[in-house]
Protein chains: 2
Amino acid sequence: MFLEVDLSSDEPIYRQIRAQIVSAVASGELAPGDSLPSVRSLAGDLGVNMHTVNKAYAMLRDEGYVTMRGRSGAVIADITRMASPARAQEHRERLTAELARLATELKARGGTRDEFVRLATAQADAVFCPPGQGT
Amino acid sequence: MFLEVDLSSDEPIYRQIRAQIVSAVASGELAPGDSLPSVRSLAGDLGVNMHTVNKAYAMLRDEGYVTMRGRSGAVIADITRMASPARAQEHRERLTAELARLATELKARGGTRDEFVRLATAQADAVFCPPGQGT
DNA sequence: TATTTGTTATAGTACATATATAACAGATGG
DNA sequence: CCATCTGTTATATATGTACTATAACAAATA
């Protein structure tokens, strides 16, 4: 499996799992219709408790990334088409608030507007246009 | 005082206090040399425990925002000149990692590179070039 | 020198994280 | 149909963080 957890990290395990699955969705490594391993098998592979994985899955379900269907387990959803406008707007608001927070901290440390835009643009390029992609 | 806390917020009180002081430094409301209220008086004004304020002050000291001098209390530092290169680089690395995380989540939800850059630029303008400033 | 400062120590409550069993309803493959 | 696997829920325990409550300390200062 493509997942691994860092027990010594400050970030809770269930958030690490969620973040890595979201990252896989972003990169296309996981596409709509793909199945995730069951909470029990993934917990076994990672060496963590079942409930820790279940918490990550429940969060992904609440955020619209996956759907649960009885025995079929967790399946990646097409969040682009399925997403409720409410969830989409909620996400944009959180994103905006986080960007404002980061900009404020940079300004407090003597950073400039252009420096913030430059760093943000560099990360946008790194994430959306990774090297080795014909985009 | 310009500070207030939201007890019902998910954000810990000591982080709220820290964030608001950093924000005041960013806006210029607090300038190098300005004194902060004592941990006891601010705790009394906010209706929280002394240790909660002390935790925020200790964090600000560790980050280089303020200096402590015995009875003189907490004084805003000139972080632009005083900041150790190590702290500055550490902050930039954290900022870069957070920007990458936000960009990844937007991409996972079907957002585009340009949309991320647009949102980041808008927040940069809002924070660095607030309305009613001759900049 | 008496007071105020941040700092530290100790103790208690509340909540989040993670673990460990156990049982449940629903979907599904045989 | 039915045994099985799925996510889900219910307890219980342990640990860490957040917050509160007193209390005392060294350092700086008016």
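To find a chain, count down the sequence lines: A is the first, B the second, and so on, and within it residues start at 1.
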- Task: Give a yes or no answer on whether the side chain of Thr104(B) reaches the backbone of Ala100(B) with a donor-acceptor pair at less than 3.5 Å.
- Result: yes
- Query: Is the shortest side-chain N to carboxylate O distance from Glu98(B) to Arg101(B) below 4.0 Å?
  - Reply: yes
- Message: What is the distance, to the nearest angstrom, from the CD1 atom on Ile13(A) to the P atom on dA20(C)?
- Response: 11 Å
- Mind checking side chain to side chain contact (heavy atoms under 4.5 Å, CB included) for Ser72(B) and listing every partner two or more places apart, or none if nothing turns up? Arg69(B)
- Message: Counting C-beta onward and ignoring hydrogens, is there a side-chain heavy-atom pair between Tyr65(B) and Ile21(B) closer than 4.5 Å?
- Response: no
- Could you tell me from which nucleotide to which nucleotide of DNA chain D, 5' to 3', there is an atom under 4.0 Å from chain A heavy atoms? dT4(D) to dA10(D)
- Message: Quick check on contacts: within residues 47-61 of chain A, what sits under 4.0 Å from DNA chain C by heavy-atom distance?
- Response: Val48(A), Asn49(A), Met50(A), His51(A), Thr52(A), Lys55(A)
Collect all protein-nucleotide pairs involving nucleotides 28-30 of chain C in which both atoms are nitrogen or oxygen and the distance is under 3.5 Å.
{"unit_1": "dT28(C)", "atom_1": "O2", "unit_2": "Arg71(A)", "atom_2": "NH1", "d": "2.9"}

- Query: Which heavy-atom pair separates Tyr57(B) from Leu36(B) by the least distance, and what is that distance?
  - Reply: OH-CB, 3.4 Å
- Message: Is it the case that the side chain of Thr96(A) and the backbone of Arg92(A) share a donor-acceptor pair, with hydrogens and angles ignored and the cut-off at 3.5 Å?
- Response: yes
- Message: If hydrophobic clusters are built from ILVMFWY residues whose side chains come within less than 4.5 Å, do Met50(A) and Leu60(A) share one?
- Response: yes
- Between Arg40(B) and Glu11(A), whichever has its closest DNA chain C nucleotide further toward 5' is Arg40(B)
- Query: Hey, does the side chain of Arg18(B) reach the backbone of Lys55(B) with a donor-acceptor pair shorter than 3.5 angstrom?
  - Reply: no
- Partners meeting side chain to side chain contact (heavy atoms under 4.5 Å, CB included) with Ala103(A) (sequence neighbours left out): Phe116(A), Val127(B), Phe128(B)
- Message: Test of understanding: with side chain to side chain contact (heavy atoms under 4.5 Å, CB included), list the residues that count as partners of Ser9(B), not counting sequence neighbours.
- Response: Asp6(B), Glu11(B), Gln16(B)
